[in-house]
Asker: 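Let me begin by handing over the structure; questions about it come next.
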Number of protein chains: 2
Amino acid sequence: MQQQLAARLRQWGVRVTPQRLAIAEAVLNSSDHPSVQQIYERVRQHFPSMTLATIYSTLDVLEQSGLIQELPFQKVSRYEPNLDPHVNLVCVQCGDVVDAQQGHQAVVRLKNQVARDANFEIGWQRVDFYGCCRRCAAGQASQPATASQ
Amino acid sequence: MQQQLAARLRQWGVRVTPQRLAIAEAVLNSSDHPSVQQIYERVRQHFPSMTLATIYSTLDVLEQSGLIQELPFQKVSRYEPNLDPHVNLVCVQCGDVVDAQQGHQAVVRLKNQVARDANFEIGWQRVDFYGCCRRCAAGQASQPATASQ
DNA sequence: TTTACTGCAAAGGGTTTGCATGAGG
DNA sequence: CCTCATGCAAACCCTTTGCAGTAAA
């Protein structure tokens, strides 16, 4: 796991440090599309002296290495470890962002169709559906703090 | 045209001013997904004293009135007048963002499928395909200034 | 040993806010 | 007339940058 990761980074001429491995794992092992602040809070438990500058720098490296994708929202960016075609469900109430369990194939087909018909070389994609998650629809307004776009 | 627009704004209890009409038209009549700066430069020709604060304020109103959609990118946000399900083609070289001519129906179907299977009430969507447009692929590197995500 | 990453601090820049003036309804 | 929008300026905050010390290779 860390072996693969380290190899992939070195392959880009990037130096592998414990901090970078921790940041990479914090994003790659997540499913909640964490923000920089969230990554910071998680990694700081292991590296109390780490600063945001290191987080930003490392996230840039990871993105350029093709390991993660930045998802800019209105307030802050979030980070996506799943680069395969899929749909993100974004709750505008609580701010949660989760990968949909359905629609992967449909996104792949759509991508192929558009790439062919529009003659547009597609590198990657972002498919966001904005709405109200089950929990919030049920009235369980939890933490409207992180509310995204 | 302006009649409809004015009515729609008043219907939200929003005061209609010449500045707001100009900003609304600048976005609604555009197809290039302009940024705040671009809207500013276009509207300033008619209202030289207008400031960015008014642009931001009006764009908020237009978004809350359901007339436009903010598209956050890494550097700046752009604004989308087309709220119907569709695909945006984002060129990572020149930064152009255009609506794809294909795939509308596929996005509608995908939306319905996910809404049903995931039990997620979808309000609106954002479908971006990132890649290289025909012009840039042909080597005509034009203005790599606005390069988006 | 050489190179480049970390941590700290300061700067940058898009966006937001507060307030007095002025215009819409 | 009363309310709210405009314009101006300052504040905000996320993000970037510069630099000295330090760790990877």
Side-chain angles (χ1 to χ4, degrees), chain A residues 2-3 5-24 26 34-41 43-44 46-65 68 70-79 95 145-149, chain B residues 2-3 5-24 26 34-41 43-44 46-65 68 70-79 95 145-149:
Chain A
Q2 290 215 347
Q3 301 287 346
L5 186 57
R8 183 137 190 191
L9 291 178
R10 288 204 193 85
Q11 168 185 340
W12 275 77
V14 170
R15 200 164 281 181
V16 175
T17 68
Q19 287 93 332
R20 287 185 167 174
L21 288 176
I23 295 167
S35 66
V36 167
Q37 281 294 335
Q38 290 173 314
I39 298 167
Y40 180 47
E41 286 155 18
V43 172
R44 194 160 48 161
H46 306 290
F47 295 86
S49 64
M50 194 184 295
T51 62
L52 284 171
T54 300
I55 310 274
Y56 281 107
S57 160
T58 299
L59 290 174
D60 280 351
V61 167
L62 295 175
E63 186 173 19
Q64 279 158 37
S65 304
I68 65 173
E70 182 178 348
L71 299 180
F73 285 93
Q74 288 185 327
K75 304 296 179 191
V76 297
S77 281
R78 288 164 165 263
Y79 291 84
T146 332
S148 299
Q149 157 136 44
Chain B
Q2 291 215 344
Q3 301 286 347
L5 186 56
R8 183 137 188 193
L9 291 177
R10 287 204 194 85
Q11 167 186 338
W12 274 77
V14 170
R15 199 164 281 179
V16 175
T17 68
Q19 289 92 331
R20 286 184 168 176
L21 289 176
I23 294 167
S35 66
V36 167
Q37 281 294 334
Q38 290 173 313
I39 297 167
Y40 181 48
E41 284 155 19
V43 172
R44 193 160 49 160
H46 305 293
F47 296 85
S49 65
M50 195 185 295
T51 61
L52 284 171
T54 300
I55 310 272
Y56 281 108
S57 161
T58 299
L59 290 174
D60 280 350
V61 167
L62 295 176
E63 186 174 19
Q64 278 159 36
S65 303
I68 65 174
E70 183 178 349
L71 300 179
F73 284 94
Q74 289 185 328
K75 303 298 180 189
V76 296
S77 280
R78 288 165 166 260
Y79 290 86
T146 331
S148 299
Q149 159 135 47

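In what follows, every chain begins at residue 1, and chains take the letters A, B, ... in the order their sequences are listed.
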Asker: Under 3.5 Å, which donor-acceptor pairs link side chains of residues 12-24 of chain A to any protein atom two or more places apart or in another chain?
Answerer:
residue : atom : partner : partner atom : Å
A:T17   : OG1  : A:R20   : N            : 3.1
A:R20   : NH1  : A:R15   : O            : 2.8

Asker: Can you confirm whether A:S65 sits close enough to A:L9 that some side-chain heavy atom of one is under 4.5 Å from a side-chain heavy atom of the other?
Answerer: yes

Asker: If I take atom CD in residue A:Q38 and atom C1' in nucleotide D:dC14, what distance separates them, rounded to the nearest angstrom?
Answerer: 15 Å

Asker: Report the distance from atom CD1 of B:I23 to atom C1' of D:dT6, rounded to the nearest whole Å.
Answerer: 10 Å

Asker: Base, backbone or nothing for each nucleotide of nucleotides 13-25 of chain C, written B, S, -, heavy atoms under 4.0 angstrom, 5' to 3'?
Answerer: -SBBB-----BBS

Asker: From CG of A:L21 over to P of D:dA23, roughly how many Å is that when rounded to an integer?
Answerer: 16 Å

Asker: Where the side chain of A:E41 meets the backbone of A:Q38, is there a donor-acceptor pair that is under 3.5 Å apart?
Answerer: no

Asker: Would you mind reading off the distance between A:F47 atom CZ and C:dC5 atom P, rounded to a whole angstrom?
Answerer: 16 Å

Asker: Looking only at non-hydrogen atoms, find the nearest pair between A:P72 and A:S77 and report the distance.
Answerer: CA-OG, 3.5 Å

Asker: In whole Å, I'd like the distance from the CE atom of A:M50 to the P atom of D:dG21.
Answerer: 21 Å

Asker: Separation of A:L59 atom CG from D:dC14 atom P, in whole Å?
Answerer: 15 Å

Asker: OP1, OP2 of D:dC8 versus side-chain N and O of B:T51: anything below 4.0 Å?
Answerer: no

Asker: Give the table of side-chain donor-acceptor pairs shorter than 3.5 Å for residues 48-62 of chain A, with sequence neighbours excluded, one pair per line with atom names and distance.
Answerer:
residue : atom : partner : partner atom : Å
A:T58   : OG1  : A:T54   : O            : 2.9

Asker: I need the OH-C1' distance between B:Y40 and D:dT6, as an integer number of Å.
Answerer: 13 Å

Asker: Figure out the CD1/P separation between A:I39 and D:dT15, and round it to whole Å.
Answerer: 10 Å

Asker: Do A:Y79 and A:I39 come close enough that some side-chain heavy atom pair is under 4.5 Å?
Answerer: yes

Asker: Quick one: is A:Q19 getting a side-chain N or O under 4.0 Å of the D:dA23 phosphate, OP1 or OP2?
Answerer: no

